[in-house]
Trainee: 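One structure is given below, represented as structure tokens, and several questions about it will come after.
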Amino acid sequence: MTDVDRTDAIVDGRVARRERNINTALDTVLEMFAEESLFPTIEQVSKRSGLSLRSLYRYFADPGELVESAIHRHRELMRDAGHLHKIGQGPLDRRIDDFAAMRLRLYERAGPVYRAAVHNAPNHPRVRDWLAVARDDLRDQFELQFALELGAVTTSDRQAGLSAGDVLFQFDTIDYLRRHRRYTIAETEAVLRSALEAILRP
């Protein structure tokens with residue numbers, strides 16, 4: 001091995017170690033989100049992850065950057081989690097069942113990070129922007145899945161149906177049912193299906 005090769009190997013090792021450490025820190029933040037610690041400090045993450053404060057402060061300028069990075073990492077990991085196969089196609093009953101089940105699965109995986117995003121959005125513009133995009137994406141997905149039914153009514157009824165369905169399936173509503181009303185996943189899914197049928201079959 002030449003001196004150049006040794007130098008490259010050392011640099012590659014440092015880069016890989018830095019990437020592992022950063023991912024460890026971000027995964028630690030995500031774990032803390034799930035425990036309702038919605039704005040962990042760098043000191044708390046250091047203690048829990050075993051990473052030194054010195055290292056963490058090299059990677060992140062402040063707790064805000066750490067939290068933003070964790071939310072961004074989760075967004076990347078969840079990019080395809082809410083995918084619907086053949087969106088907008090098939091019988092209405094099946095589309096309702098598929099949509100309700102998918103949105104609940106997505107909430108169960110992303111709910112803690114969503115709550116952290118809501119908590120941190122007022123003080124962090126990037127998080128606020130990501131949250132707005134996520135909510136718009138959820139609305140767009142609903143509109144595509146039930147475009148046939150929404151397109152079969154008057155403009156005013158369509159807008160009302162779209163808005164009602166959008167609110168019904170936003171994470172805020174599911175969070176209320178799951179955490180505050182203490183419904184099981186099955187009970188929550190039944191409520192969502194029943195309400196959606198009432199919206200789409202007036």
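When a residue number appears, it is its place in the shown sequence, counting from 1. Note: hydrogens, waters and symmetry copies are ignored here, and every other heavy atom, side chains too, is used.
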Trainee: One pair to check against side-chain contact (heavy atoms from CB on, under 4.5 Å): Tyr107 and Thr188. What are the steps and the verdict?
Mentor: CA-CA 11 Å; Tyr107 166 81; Thr188 303; over 6 Å; no
Trainee: Return the OG1 to CG distance between Thr41 and Leu66, rounded to the nearest 0.5 Å.
Mentor: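 Those atoms lie 9.0 Å apart.
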Trainee: Could you check Glu35 against Arg48 for salt bridge (charged side-chain N to carboxylate O under 4.0 Å, His left out), going step by step and ending with a plain yes or no?
Mentor: CA-CA 13 Å; Glu35 297 167 3; Arg48 178 157 178 161; 2.6 Å; yes
Trainee: Between Leu138 and Leu77, is there shared hydrophobic-cluster membership here, with clusters defined by ILVMFWY side-chain heavy atoms closer than 4.5 Å?
Mentor: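 Leu138 and Leu77: separate clusters.
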Trainee: What distance do Leu177 atom CG and Leu192 atom CG have between them, rounded to the nearest 0.5 Å?
Mentor: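 Going from the CG atom of Leu177 to the CG atom of Leu192 covers 6.0 Å.
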Trainee: Is any side-chain heavy atom of Gln170 closer than 4.5 Å to a side-chain heavy atom of Asp166?
Mentor: yes
Trainee: Between the side chains of Asp137 and Gln141, is a donor N or O closer than 3.5 angstrom to an acceptor N or O?
Mentor: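 Looking only at side-chain atoms, Gln141 and Asp137 do not form any donor-acceptor pair under 3.5 Å.
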Trainee: Among pairs that include at least one residue of residues 29-68, which meet ring-ring contact (aromatic ring centres under 6.0 Å, His included), considering only residues two or more places apart or in two chains?
Mentor: Phe39-His124
Trainee: Who are the salt bridge (Lys or Arg N to Asp or Glu O under 4.0 Å) partners of Glu108, not counting sequence neighbours?
Mentor: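 With neighbours one apart ignored, the set is Arg178.
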Trainee: Mind checking whether Val133 and Val113 sit in one hydrophobic cluster, side chains of I, L, V, M, F, W, Y counted as touching below 4.5 Å?
Mentor: no
Trainee: Keeping to residues at least two apart or across chains, list the ring-ring contact (aromatic ring centres under 6.0 Å, His included) pairs with something in residues 62-91.
Mentor: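 As it turns out, the ring-ring contact (aromatic ring centres under 6.0 Å, His included) pairs with a partner in residues 62-91, which skip direct neighbours, are His72-Trp130.
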Trainee: Which pairs pass salt bridge (charged side-chain N to carboxylate O under 4.0 Å, His left out) with one or both residues in residues 53-72, sequence neighbours excluded?
Mentor: Glu68-Arg126
Trainee: How far does CG of Leu51 sit from OG of Ser46, to the nearest 0.5 angstrom?
Mentor: 7.0 Å
Trainee: Of all heavy-atom pairs between Leu106 and Ala81, which one has the smallest distance, and what is that distance?
Mentor: CD1-CB, 3.8 Å
Trainee: Tell me whether Leu104 is reachable from Tyr176 by hopping between hydrophobic residues (I, L, V, M, F, W, Y) whose side-chain heavy atoms are closer than 4.5 Å.
Mentor: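 Shared cluster, yes.
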Trainee: Can you measure from CG (Asn23) to CZ (Arg18) and round to the nearest 0.5 angstrom?
Mentor: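 These two atoms lie 11.0 Å from each other.
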Trainee: Does Arg115 reach the side chain of Pro112, with side-chain heavy atoms less than 4.5 Å apart?
Mentor: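 Yes, close enough: below the 4.5 Å cut-off.
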Trainee: Any chance you could lay out the side-chain contact (heavy atoms from CB on, under 4.5 Å) test for Arg95 and Leu148, step after step, and finish with the verdict?
Mentor: CA-CA 11 Å; Arg95 280 183 285 128; Leu148 181 62; 4.2 Å; yes
Trainee: Between Glu149 and Arg201, is the closest basic N to carboxylate O distance under 4.0 Å?
Mentor: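 No, no charged N to carboxylate O under 4.0 Å.
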Trainee: Go through Leu150 and Phe142 one step at a time and tell me if the side-chain contact (heavy atoms from CB on, under 4.5 Å) criterion holds.
Mentor: CA-CA 10 Å; Leu150 294 171; Phe142 177 86; 4.3 Å; yes
Trainee: Output the distance between atom NZ (Lys47) and atom OG (Ser52), rounded to the nearest 0.5 Å.
Mentor: 16.0 Å
Trainee: Would the distance check show the side chain of Arg73 and the main-chain N or O of Leu26 forming a donor-acceptor pair, the cut-off being under 3.5 Å?
Mentor: no
Trainee: Using distance alone, with no hydrogens and no angle criterion, decide if Asn21 and Thr24 have a side-chain donor and acceptor under 3.5 Å apart.
Mentor: no
Trainee: Quick check: is Met102 connected to Tyr183 through a chain of hydrophobic side chains (ILVMFWY, heavy atoms under 4.5 Å apart)?
Mentor: yes
Trainee: Have Tyr114 and Asp175 got a donor and an acceptor in their side chains that come within less than 3.5 Å?
Mentor: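 No, Asp175 and Tyr114 have no side-chain donor paired with an acceptor closer than 3.5 Å.
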Trainee: Tell me the closest heavy-atom pair linking Pro40 and Pro63, and the distance in Å.
Mentor: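 Taking Pro40 first and Pro63 second, the nearest heavy atoms are O-CB, 4.0 Å.
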Trainee: What verdict does the side-chain contact (heavy atoms from CB on, under 4.5 Å) test give for Ser163 and Arg139, after you've listed the backbone C-alpha separation in whole Å, the side-chain angles of each residue and the deciding distance to 0.1 Å?
Mentor: CA-CA 8 Å; Ser163 295; Arg139 179 185 174 93; 4.0 Å; yes
Trainee: Decide yes or no for Phe146 and Ile96: does some side-chain heavy atom of the first lie under 4.5 Å from some side-chain heavy atom of the second?
Mentor: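 Phe146 vs Ile96: side chains touch.
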Trainee: Can you name the nearest heavy-atom pair linking Leu196 to Leu168, along with the distance?
Mentor: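 Heavy atoms only, the tightest pair is N-CD2, 3.7 Å.
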Trainee: Consider only side-chain heavy atoms of I, L, V, M, F, W and Y, link residues closer than 4.5 Å, and tell whether Leu92 and Leu84 are in one cluster.
Mentor: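 Yes, Leu92 and Leu84 fall within the same hydrophobic cluster.
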Trainee: Roughly how far apart are Leu162 CG and Asp157 CG, rounded to 0.5 Å?
Mentor: 12.5 Å
Trainee: Kindly give the heavy-atom pair with the smallest separation between Gln44 and Ser37, and that separation in Å.
Mentor: OE1-OG, 4.4 Å
Trainee: Minimum heavy-atom separation for Arg158 and Val153, please, with both atom names.
Mentor: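 Closest approach of Arg158 to Val153: N-CG2, 3.5 Å.
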Trainee: Whether the side chain of Thr173 engages the backbone of Val167 through a donor-acceptor N/O pair (distance < 3.5 Å, no angle test) should be reported.
Mentor: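 Yes; at least one donor-acceptor contact below 3.5 Å.
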Trainee: Could you tell me whether Arg193 and Glu189 make a salt bridge, using a distance below 4.0 angstrom between a side-chain N and a carboxylate O?
Mentor: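 Yes, charged N to carboxylate O under 4.0 Å.
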Trainee: At their closest point, which heavy atom of Thr28 faces which heavy atom of Ser49, and how far apart are they?
Mentor: OG1-CB, 3.5 Å
Trainee: In chain order, what residues pass the salt bridge (Lys or Arg N to Asp or Glu O under 4.0 Å) check against Asp172, with sequence neighbours excluded?
Mentor: Arg135
Trainee: Any chance CD of Glu36 has more than 12 other-residue heavy atoms, nucleotides or ligands included, within less than 6.0 Å?
Mentor: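 Count over threshold, so yes.
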Trainee: Using the test side chain to side chain contact (heavy atoms under 4.5 Å, CB included), find all partners of Ala147 that sit at least two apart in sequence or belong to another chain.
Mentor: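 Expected list: none.
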